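A short worksheet on the structure shown next.
Worth saying up front: this structure is predicted, and the values here are computed from it rather than measured.
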Amino acid sequence: SNLVLLRNNVKVWESPRRYFLMDASDTGSLNVSLQIPEDLKANLIQFNLGRDSITNAGGALPGVLDPTTGMYWTWQNGYINFKMEGTTNLVNAYQHRFQFHLGGYSFPYNTLQTVRLPYNDGVINTIGIDFQEIFGQLHLQQQAQIMSPGKAAIEVARIVAKAFKIYP
């Protein structure tokens, strides 16, 4: 959410689209084309991994924030900011499944993370996420599931936010 371009920490452009839902099972959602003025000078791209507390407190919303997208818990816990599920033999649980549904907006369990990356003027900037970096810091043998707000959700949300990268 809230994708902006900055030059020397000053906002110089803001996406007219406030929220984005990237879903690996829907490859069409993974490519976002933005109309940025050619003469714009910026050196950082910034966005939030998740939604702010005001949006969360407002309840379920339409579009990519519609509860049918699978990213909304309840009025009390709000939206899921990042969801990652799969299987691995590292997990000693039923069907070797791991599930990380990271969310929460109420103090002290606000999982909203701000991501800042270098922006190259006039170049196609591709943002990706390094899942090897994420899995390298998770200890799936000890914890393979986070399904509610809490300290663990905040810790993993920080790991995920740091895994975003600019790729050529």
**Study point:** Gap between atom CG of L5 and atom CZ of R7 - 0.5 Å precision
**Key:** 11.5 Å
Practice item. Determine yes or no for a side-chain-to-main-chain donor-acceptor pair under 3.5 angstrom, with N48 supplying the side chain and L112 the backbone. Key: no
Revision key, fill the gap. In short, G50 meets N81 closest at the heavy-atom pair CA-OD1, 3.1 Å
Exercise for review: Step through the shown structure and confirm whether more than 12 heavy atoms of other residues, nucleotides or ligands are within 6.0 Å of CD on E85.
Suggested key: yes
Check your understanding: Would you say M84 and M147 are hydrophobically clustered, going by side-chain heavy atoms of ILVMFWY under 4.5 Å?
Key -> no
Review point. Between Q145 and H101, does a side chain to side chain donor-acceptor pair (under 3.5 Å) hold up when you go through it step by step?
Key: CA-CA 8 Å; Q145 186 174 16; H101 294 193; over 6 Å; no
Check your understanding: Do I80 and W73 come within less than 4.5 Å of each other through their side chains, counting heavy atoms only?
Key -> yes
Practice item. Kindly say whether Y105 contributes a backbone atom to a donor-acceptor pair with the side chain of S53 at under 3.5 angstrom? Key: no
Check your understanding: Which value, rounded to the nearest 0.5 Å, describes the distance between Q142 atom CD and L90 atom CG?
Key -> 10.5 Å
Practice item. Please step through side chain to side chain contact (heavy atoms under 4.5 Å, CB included) for the pair W13 and I45, ending with a clear verdict. Key: CA-CA 10 Å; W13 181 85; I45 186 166; over 6 Å; no
Check your understanding: Quick check: are there more than 12 heavy atoms from other residues, nucleotides or ligands sitting under 6.0 Å from CD of Q132?
Key -> no
Review point. Are any side-chain N or O atoms of N56 and backbone N or O atoms of R51, one a donor and one an acceptor, separated by less than 3.5 Å?
Key: yes
Review point. Donor-acceptor pair, H96 side chain versus V91 backbone, under 3.5 Å?
Key: yes
Exercise for review: Answer whether the closest heavy-atom distance between the side chains of I154 and L102 falls below 4.5 Å.
Suggested key: no
Check your understanding: Going by heavy atoms in the side chains, are L61 and Y79 under 4.5 Å from each other?
Key -> yes
Would you list the atom pairs, donor with acceptor, under 3.5 Å between side chains in residues 161-168 and any protein atom, with sequence neighbours excluded?
{"from": "K165", "atom 1": "NZ", "to": "E133", "atom 2": "OE1", "distance (Å)": "2.9"}
{"from": "K165", "atom 1": "NZ", "to": "K162", "atom 2": "O", "distance (Å)": "3.0"}

Practice item. Decide whether V4 and L34 are clustered together by the hydrophobic rule: side chain heavy atoms of Ile, Leu, Val, Met, Phe, Trp, Tyr closer than 4.5 Å, transitively. Key: no
Practice item. Answer with yes or no whether the hydrophobic clustering places L21 together with F100; edges join I, L, V, M, F, W, Y residues whose side-chain heavy atoms lie under 4.5 Å apart. Key: no
Check your understanding: How about M22 and L30: do any of their side-chain heavy atoms sit closer than 4.5 Å?
Key -> yes
Point to revise | Within-4.5 Å side-chain heavy-atom neighbours: H139 and Q143 | key: no
Review point. Minimum heavy-atom separation for L3 to F47, with atom names?
Key: CA-CB, 4.0 Å
Review point. Listed by chain and number, what are the ring pair (Phe, Tyr, Trp, His ring centres under 6.0 Å) partners of F98, not counting sequence neighbours?
Key: F135
Practice item. Just grab all the side-chain hydrogen bond (donor to acceptor under 3.5 Å, both in side chains) pairs involving residues 17-26, residues at least two apart or on different chains. Key: N2-R18, R18-D52, Y19-T55, D23-S25
Exercise for review: Consider only side-chain heavy atoms of I, L, V, M, F, W and Y, link residues closer than 4.5 Å, and tell whether V115 and I134 are in one cluster.
Suggested key: yes
**Study point:** Common cluster, L65/F20, ILVMFWY with side-chain heavy-atom separation under 4.5 Å
**Key:** no
Practice item. Taking the side chain as every heavy atom from C-beta outward, state whether P37 and Q35 have any atom pair closer than 4.5 Å. Key: no
Exercise for review: Would you indicate whether the side-chain heavy atoms of L6 and V12 approach each other to under 4.5 Å?
Suggested key: no
**Study point:** Contact summary for P149 and Y109, nearest pair of heavy atoms
**Key:** CB-CB, 4.1 Å
Exercise for review: Return the minimal non-hydrogen interatomic distance between A153 and S148, and the atom names on each side.
Suggested key: CB-O, 3.8 Å
Check your understanding: Is any side-chain heavy atom of Q46 closer than 4.5 Å to a side-chain heavy atom of L44?
Key -> no
